[in-house]
Amino acid sequence: MLKGHRKRVWIVLICVALFLSSTTTAFAFGKGAKGPDVYAVQGMLKSLGYYSGPITGYYGNQTQAGVKAFQSKYGLPVTGNVDDQTLQSILWAYGNLKIPKKPAPTPTPTLPGPKPTPTPQAPAMPSLTVEEQQMLDLVNKARAEAGLPPLLADPAVTKTARLKSQDMVDNNYFSHDSPTYGSPFDMLNKFGISYNAAGENIACNQNVQAAHEALMNSSGHRANILSKDYTHIGIGIVNGGPCGKMFTQQFIGK
């Protein structure tokens, strides 16, 4: 890290499921609904502190109560249903969710003890998959149209992005906080990846094109993709999850 340059640790995370694909059709769903759209809303409300139940994709009493609490907090009509206005407010709130910086650890005296645990090593990484290359091309096309240099695929970050997507599938969650690796910053640090700026996008969708369009239609994700602070990217796409595929984009600036 350059001396005097503050590490910028900004993350924009937002659930991108099937209902976020390009559409202008008004819709609403509520109690009794089920599917990836409900799964995504549950995940966002859970991270925002309005839902404490399991993320199942079924809109039951707990989900309805969480939606009502959110609507009340944000001055929306308290219907318990997710309409366009409520969804946009949830997306805005989740897109602006910040991860606080961790305080510096208190120094402790050095004591003799067991050897430190070695830094975990991800398995050897082959070249990008066809889908990962497709997403990288779409990201860099968007950057080129904005007059920005392309992001380079970083092998080490690609490993962690793949591991994160697989972890979300294996452990049935959708969040930047992994039960296995911790926060994205924890994960990058555990695998010995240095950076001056870092961020992460995650998506749950059926294919690369739909996921990319949904990310670009979100102001928070778009800002992450078009950030001048990032120079490298890792993309991990894994089959599985409620939407068909899990996508992780991890950005770093060197």
Report the C-alpha distance between Phe29 and Asp83 in whole Å, list the side-chain angles of each, state the deciding distance to 0.1 Å, and finish with yes or no for side-chain contact (heavy atoms from CB on, under 4.5 Å). CA-CA 7 Å; Phe29 59 91; Asp83 54 19; over 6 Å; no
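Atom OH of Tyr39 is separated from atom CG of Asn172 by 4.5 Å, given to the nearest 0.5 angstrom. Here NZ of Lys159 is found 9.0 Å from CD1 of Ile193. Values are rounded to the nearest 0.5 Å. Atom OG of residue Ser52 and atom NZ of residue Lys46 lie 6.5 Å apart, to the nearest 0.5 angstrom. The structure places OH of Tyr51 at 13.0 Å from CE of Met44, a figure rounded to the nearest 0.5 Å. One finds the CE atom of Met216 at 4.0 Å from the CZ atom of Arg222 (value rounded to the nearest 0.5 Å). Going from atom CG of Asn140 over to atom CD of Glu145 covers 11.0 Å, rounded to the nearest 0.5 Å.
Ala144 meets the side chain to side chain contact (heavy atoms under 4.5 Å, CB included) test with no other residue; sequence neighbours excluded. Not counting sequence neighbours, Lys141 has no partner by the side chain to side chain donor-acceptor pair (under 3.5 Å) test. Under the side chain to side chain donor-acceptor pair (under 3.5 Å) criterion, Gln209 pairs with Glu213, not counting sequence neighbours. Residues passing the side chain to side chain contact (heavy atoms under 4.5 Å, CB included) test with Thr56 are Gln42, Pro54, Tyr58, sequence neighbours excluded. Gln249 is linked by a side chain to side chain donor-acceptor pair (under 3.5 Å) to Asn201, counting only residues two or more places apart in sequence or in another chain. Residues satisfying the ring-ring contact (aromatic ring centres under 6.0 Å, His included) criterion with Tyr50, sequence neighbours excluded, are Phe70. In this view, Ser178 and Asp167, Tyr173 satisfy the side chain to side chain donor-acceptor pair (under 3.5 Å) rule, not counting sequence neighbours. For Phe251, the ring-ring contact (aromatic ring centres under 6.0 Å, His included) test picks out Tyr230, with sequence neighbours left out. Partners of Lys254 according to the salt bridge (charged side-chain N to carboxylate O under 4.0 Å, His left out) rule, which considers only residues two or more places apart in sequence or in another chain, are Asp154.
Among residues at least two apart or in separate chains, side chain to side chain donor-acceptor pair (under 3.5 Å) pairs with a member in residues 65-81 are Gln71-Thr79, Gln71-Thr86.
Side-chain atoms of Thr160 and Gln250 include a donor-acceptor pair closer than 3.5 Å. For the 3.5 Å distance criterion, the side chains of Ser183 and Asp186 qualify, holding a donor opposite an acceptor.
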Could you list the donor-acceptor pairs under 3.5 angstrom formed between side-chain atoms of residues 233-242 and any protein atom two or more places apart in sequence or on another chain?
unit_1, atom_1, unit_2, atom_2, d
Asn239, OD1, Lys245, NZ, 2.5

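Counting heavy atoms from C-beta on, the side chains of Met246 and Cys204 come closer than 4.5 Å. At least one side-chain heavy atom of Phe247 sits under 4.5 Å from a side-chain heavy atom of Asn205. Inter-residue side-chain proximity for Gln134 and Val130 is flagged as unmet; no heavy-atom pair is nearer than 4.5 Å. Looking at heavy atoms from C-beta onward, Thr231 lies out of side-chain contact with Tyr195 at the 4.5 angstrom threshold. Under the 4.5 Å side-chain criterion, counting only non-hydrogen atoms from C-beta, Met168 is not in contact with Ser175.
With hydrogens and angles ignored, the 3.5 Å screen pairs a side-chain donor or acceptor of Lys164 with a backbone N or O of His176. Between the side chain of Glu132 and the backbone N or O of Thr129, at least one donor-acceptor pair lies under 3.5 Å. The closest donor-acceptor contact from the side chain of Arg143 to the backbone of Pro150 lies at 3.5 Å or more, if one exists at all. A donor-acceptor contact shorter than 3.5 Å is absent between the side chain of Lys31 and the backbone of Tyr59. Judged purely by atom type and a 3.5 angstrom limit, Ser165 uses its side chain to pair as donor or acceptor with the backbone of Thr248.
Scanning all heavy atoms of the two residues, the minimum distance from Ala153 to Leu136 falls at CB-CD2, 4.0 Å.
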